[in-house]
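As C-alpha coordinates, the structure follows; a few thoughts come after it.
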Amino acid sequence: AVFASLPLIAGSLVSHTAAEELSFVAVLPYALHIILAGIWLGALPAFLILLSVFIKKENYQASSSVIPSLLRFSSIAVPVMLLLGITGVIVADRMFDGGYAAIVATPYGWVLSAKLAILAIILMIAASIRSNWLPKFAQKENAETVFKSANQMMKLVRIEYVLALGLLLLATILSNTTPATYAPID
(Lines give C-alpha, C1' and ligand atoms only; values in the text may rest on other atoms or scores of the structure.)
Protein backbone atom coordinates (compact mmCIF):
# COMPACT_ATOMS: atom_id res chain seq x y z
CA ALA A 1 0.00 0.00 0.00
CA VAL A 2 2.87 2.35 0.77
CA PHE A 3 4.44 1.73 -2.63
CA ALA A 4 1.08 2.17 -4.37
CA SER A 5 0.67 5.58 -2.75
CA LEU A 6 4.07 6.87 -3.92
CA PRO A 7 2.82 8.03 -7.36
CA LEU A 8 -0.02 9.86 -5.63
CA ILE A 9 2.41 11.56 -3.27
CA ALA A 10 4.69 12.44 -6.20
CA GLY A 11 1.70 14.03 -7.94
CA SER A 12 1.15 16.29 -4.98
CA LEU A 13 4.71 17.59 -5.34
CA VAL A 14 3.72 19.24 -8.64
CA SER A 15 0.30 20.41 -7.49
CA HIS A 16 -1.03 23.88 -6.77
CA THR A 17 -0.01 23.47 -3.15
CA ALA A 18 3.56 22.63 -4.05
CA ALA A 19 3.69 25.64 -6.37
CA GLU A 20 2.97 27.84 -3.38
CA GLU A 21 5.57 26.44 -1.04
CA LEU A 22 7.51 23.24 -1.41
CA SER A 23 7.60 22.14 2.21
CA PHE A 24 6.40 19.10 4.07
CA VAL A 25 3.72 21.09 5.87
CA ALA A 26 2.39 22.56 2.61
CA VAL A 27 2.33 19.29 0.66
CA LEU A 28 1.18 16.92 3.43
CA PRO A 29 -2.54 17.88 3.47
CA TYR A 30 -2.74 17.64 -0.31
CA ALA A 31 -0.96 14.26 -0.38
CA LEU A 32 -3.17 12.94 2.43
CA HIS A 33 -6.26 14.20 0.62
CA ILE A 34 -5.30 12.28 -2.51
CA ILE A 35 -4.40 9.10 -0.60
CA LEU A 36 -7.61 9.16 1.44
CA ALA A 37 -9.68 9.71 -1.71
CA GLY A 38 -7.92 6.71 -3.24
CA ILE A 39 -8.71 4.56 -0.21
CA TRP A 40 -12.38 5.51 -0.31
CA LEU A 41 -12.80 5.27 -4.07
CA GLY A 42 -10.83 2.04 -4.24
CA ALA A 43 -12.94 0.39 -1.55
CA LEU A 44 -16.28 1.03 -3.26
CA PRO A 45 -15.81 -1.66 -5.95
CA ALA A 46 -14.84 -4.16 -3.23
CA PHE A 47 -18.07 -3.29 -1.40
CA LEU A 48 -20.01 -3.88 -4.63
CA ILE A 49 -18.24 -7.19 -5.29
CA LEU A 50 -19.02 -8.49 -1.80
CA LEU A 51 -22.67 -7.55 -2.20
CA SER A 52 -22.94 -9.06 -5.67
CA VAL A 53 -21.39 -12.35 -4.51
CA PHE A 54 -23.90 -12.48 -1.65
CA ILE A 55 -26.86 -11.65 -3.91
CA LYS A 56 -25.84 -14.10 -6.66
CA LYS A 57 -25.35 -16.98 -4.24
CA GLU A 58 -28.74 -16.26 -2.70
CA ASN A 59 -27.33 -18.04 0.28
CA TYR A 60 -28.57 -16.70 3.55
CA GLN A 61 -25.65 -18.36 5.37
CA ALA A 62 -23.13 -16.50 3.14
CA SER A 63 -24.11 -13.32 4.94
CA SER A 64 -22.08 -14.48 7.94
CA SER A 65 -18.86 -13.89 5.99
CA VAL A 66 -19.99 -10.78 4.12
CA ILE A 67 -21.53 -8.87 7.03
CA PRO A 68 -18.30 -8.38 9.04
CA SER A 69 -16.47 -7.15 5.94
CA LEU A 70 -19.16 -4.61 5.08
CA LEU A 71 -19.41 -3.45 8.69
CA ARG A 72 -15.61 -3.04 8.77
CA PHE A 73 -15.72 -1.02 5.55
CA SER A 74 -18.42 1.18 7.02
CA SER A 75 -16.49 1.74 10.23
CA ILE A 76 -13.33 2.64 8.26
CA ALA A 77 -15.18 4.85 5.79
CA VAL A 78 -16.37 7.29 8.47
CA PRO A 79 -12.91 8.40 9.69
CA VAL A 80 -11.55 8.32 6.12
CA MET A 81 -14.31 10.66 4.94
CA LEU A 82 -13.85 12.87 8.00
CA LEU A 83 -10.11 13.18 7.34
CA LEU A 84 -10.82 13.67 3.65
CA GLY A 85 -13.07 16.60 4.53
CA ILE A 86 -10.52 18.12 6.92
CA THR A 87 -7.68 17.88 4.40
CA GLY A 88 -9.98 19.24 1.69
CA VAL A 89 -10.78 22.29 3.81
CA ILE A 90 -7.08 22.88 4.49
CA VAL A 91 -6.18 22.61 0.79
CA ALA A 92 -9.11 24.81 -0.27
CA ASP A 93 -8.23 27.42 2.35
CA ARG A 94 -4.77 27.67 0.84
CA MET A 95 -6.18 27.94 -2.68
CA PHE A 96 -8.51 30.79 -1.69
CA ASP A 97 -6.02 32.50 0.63
CA GLY A 98 -8.79 34.38 2.44
CA GLY A 99 -10.54 35.53 -0.75
CA TYR A 100 -13.68 33.48 -0.29
CA ALA A 101 -15.67 35.61 -2.72
CA ALA A 102 -13.80 33.61 -5.34
CA ILE A 103 -16.00 30.60 -4.51
CA VAL A 104 -18.79 32.18 -6.55
CA ALA A 105 -16.70 34.39 -8.82
CA THR A 106 -14.02 32.14 -10.34
CA PRO A 107 -13.93 28.92 -12.35
CA TYR A 108 -11.96 27.32 -9.50
CA GLY A 109 -14.74 28.21 -7.06
CA TRP A 110 -17.45 26.96 -9.42
CA VAL A 111 -15.76 23.60 -9.92
CA LEU A 112 -15.13 23.30 -6.18
CA SER A 113 -18.80 24.12 -5.49
CA ALA A 114 -19.92 21.42 -7.94
CA LYS A 115 -17.51 18.97 -6.29
CA LEU A 116 -18.95 19.80 -2.86
CA ALA A 117 -22.52 19.41 -4.12
CA ILE A 118 -21.76 15.93 -5.46
CA LEU A 119 -19.94 15.10 -2.23
CA ALA A 120 -23.02 16.13 -0.23
CA ILE A 121 -25.17 13.73 -2.27
CA ILE A 122 -22.59 10.95 -1.79
CA LEU A 123 -22.54 11.55 1.96
CA MET A 124 -26.35 11.40 2.12
CA ILE A 125 -26.31 8.08 0.27
CA ALA A 126 -23.57 6.75 2.55
CA ALA A 127 -25.46 7.88 5.65
CA SER A 128 -28.58 6.11 4.40
CA ILE A 129 -26.65 2.90 3.83
CA ARG A 130 -24.87 3.09 7.18
CA SER A 131 -27.89 4.01 9.29
CA ASN A 132 -30.69 2.18 7.52
CA TRP A 133 -29.70 -0.58 5.10
CA LEU A 134 -26.52 -1.99 6.65
CA PRO A 135 -28.17 -2.63 10.05
CA LYS A 136 -31.06 -4.39 8.30
CA PHE A 137 -28.56 -6.45 6.35
CA ALA A 138 -26.69 -7.34 9.55
CA GLN A 139 -29.81 -8.66 11.29
CA LYS A 140 -30.03 -12.37 10.67
CA GLU A 141 -33.55 -13.02 11.90
CA ASN A 142 -35.36 -12.32 8.62
CA ALA A 143 -33.88 -13.61 5.34
CA GLU A 144 -36.26 -11.48 3.25
CA THR A 145 -35.11 -8.29 5.00
CA VAL A 146 -31.47 -9.28 4.56
CA PHE A 147 -31.85 -9.82 0.79
CA LYS A 148 -33.98 -6.72 0.33
CA SER A 149 -31.40 -4.59 2.13
CA ALA A 150 -28.56 -6.20 0.13
CA ASN A 151 -30.31 -5.30 -3.13
CA GLN A 152 -31.01 -1.76 -1.94
CA MET A 153 -27.40 -1.27 -0.82
CA MET A 154 -26.23 -2.57 -4.20
CA LYS A 155 -28.32 0.08 -5.99
CA LEU A 156 -27.19 2.86 -3.68
CA VAL A 157 -23.49 1.96 -3.76
CA ARG A 158 -23.63 1.81 -7.58
CA ILE A 159 -25.05 5.33 -7.58
CA GLU A 160 -22.43 6.41 -5.04
CA TYR A 161 -19.67 4.93 -7.23
CA VAL A 162 -20.87 6.70 -10.37
CA LEU A 163 -21.07 9.96 -8.43
CA ALA A 164 -17.59 9.28 -7.01
CA LEU A 165 -16.24 8.94 -10.54
CA GLY A 166 -17.87 12.29 -11.36
CA LEU A 167 -16.25 13.70 -8.24
CA LEU A 168 -12.90 12.36 -9.42
CA LEU A 169 -13.42 14.05 -12.79
CA LEU A 170 -14.17 17.35 -11.06
CA ALA A 171 -11.12 16.92 -8.83
CA THR A 172 -8.98 16.42 -11.94
CA ILE A 173 -10.46 19.52 -13.54
CA LEU A 174 -9.95 21.42 -10.29
CA SER A 175 -6.30 20.45 -10.10
CA ASN A 176 -5.81 21.87 -13.59
CA THR A 177 -7.72 25.10 -12.95
CA THR A 178 -6.03 28.32 -11.91
CA PRO A 179 -6.32 28.56 -8.12
CA ALA A 180 -8.74 31.18 -6.85
CA THR A 181 -5.85 33.08 -5.30
CA TYR A 182 -4.56 33.93 -8.79
CA ALA A 183 -7.86 34.24 -10.66
CA PRO A 184 -9.04 37.81 -11.20
CA ILE A 185 -12.47 38.61 -9.83
CA ASP A 186 -14.39 40.98 -12.06
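In this text the structure is predicted, and so the values were computed from the model without any measurement.
Side-chain atoms of Ile103 and Trp110, non-hydrogen and from C-beta on, never get closer than 4.5 Å to each other. Using a 4.5 Å heavy-atom cutoff, the side chains of Leu112 and Met95 are not in contact.
Under the 4.5 Å side-chain heavy-atom criterion for grouping Ile, Leu, Val, Met, Phe, Trp and Tyr, Leu83 is connected to Ile76 within one hydrophobic cluster. Connection of Val78 to Leu167 is not established within any shared hydrophobic cluster, with ILVMFWY side chains joined at heavy-atom distances below 4.5 Å, either directly or through further cluster members. In terms of hydrophobic clustering, with Ile, Leu, Val, Met, Phe, Trp and Tyr side chains grouped at heavy-atom distances under 4.5 Å, Leu134 and Leu123 are assigned to a common cluster. Under the 4.5 Å side-chain heavy-atom criterion for ILVMFWY residues, no single connected hydrophobic cluster contains both Val162 and Leu168. Follow the hydrophobic side-chain contacts under 4.5 Å out from Ile159 and you reach Val157 in the same cluster.
In this structure, Ile55 and Asn151 approach most closely via the heavy-atom pair CD1-OD1, 3.4 Å. Across every non-hydrogen atom of Leu156 and Ser128, the tightest pair is CD1-OG, 4.1 Å. Contact detail for Ser75 and Arg130: the closest heavy-atom pair is N-NH1, 3.7 Å. In terms of heavy-atom proximity, Ile122 sits nearest to Ala164 at CD1-N, 3.7 Å.
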Subject >> Chi angles and distances behind the side-chain contact (heavy atoms from CB on, under 4.5 Å) call for Ile121, Leu163 >> reply: CA-CA 8 Å; Ile121 295 168; Leu163 289 171; 3.5 Å; yes
**OP:** Let me see the working for Val66 and Val53 under side-chain contact (heavy atoms from CB on, under 4.5 Å), right down to the final yes or no.
**Re:** CA-CA 9 Å; Val66 173; Val53 166; 5.6 Å; no
**OP:** Kindly indicate, with the supporting measurements, whether the criterion side-chain contact (heavy atoms from CB on, under 4.5 Å) is fulfilled by Thr87 and Tyr30.
**Re:** CA-CA 7 Å; Thr87 57; Tyr30 191 78; over 6 Å; no
Original post:
Taking it one step at a time, do Val104 and Ser113 satisfy side-chain contact (heavy atoms from CB on, under 4.5 Å)?
Top reply: CA-CA 8 Å; Val104 295; Ser113 295; 5.7 Å; no
**OP:** Apply side-chain hydrogen bond (donor to acceptor under 3.5 Å, both in side chains) to the pair Asn132 and Lys136, showing each step before the final yes or no.
**Re:** CA-CA 7 Å; Asn132 188 21; Lys136 288 179 182 177; 3.3 Å; yes
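Taken from CZ in Arg72 to CZ in Phe47, the straight-line distance is 12.5 Å, to the nearest 0.5 Å. One finds the OG atom of Ser149 at 9.5 Å from the CG atom of Asn142 (value rounded to the nearest 0.5 Å). For the atom pair Leu51 CG and Ile129 CD1, the distance stands at 8.5 Å (nearest 0.5 Å). Taking CG of Leu84 as the start and CG of Leu119 as the end, the distance is 7.0 Å to the nearest 0.5 Å. Separation of atoms CD1 (Ile118) and CG (Leu165) is listed at 10.5 Å; rounding is to 0.5 Å. Atom CH2 of residue Trp40 and atom CG of residue Leu44 lie 5.5 Å apart, to the nearest 0.5 angstrom.
Checked against the 6.0 Å centroid threshold, Phe54 and Phe147 count as a close aromatic pair.
When atom types are taken as modelled, the side chain of Trp133 and the backbone of Ala150 share no donor-acceptor pair closer than 3.5 angstrom. Remark: the backbone N or O of Leu70 is not paired with any side-chain donor or acceptor of Ser74 at under 3.5 angstrom. When atom types are taken as modelled, the side chain of Ser52 and the backbone of Leu48 share a donor-acceptor pair closer than 3.5 angstrom.
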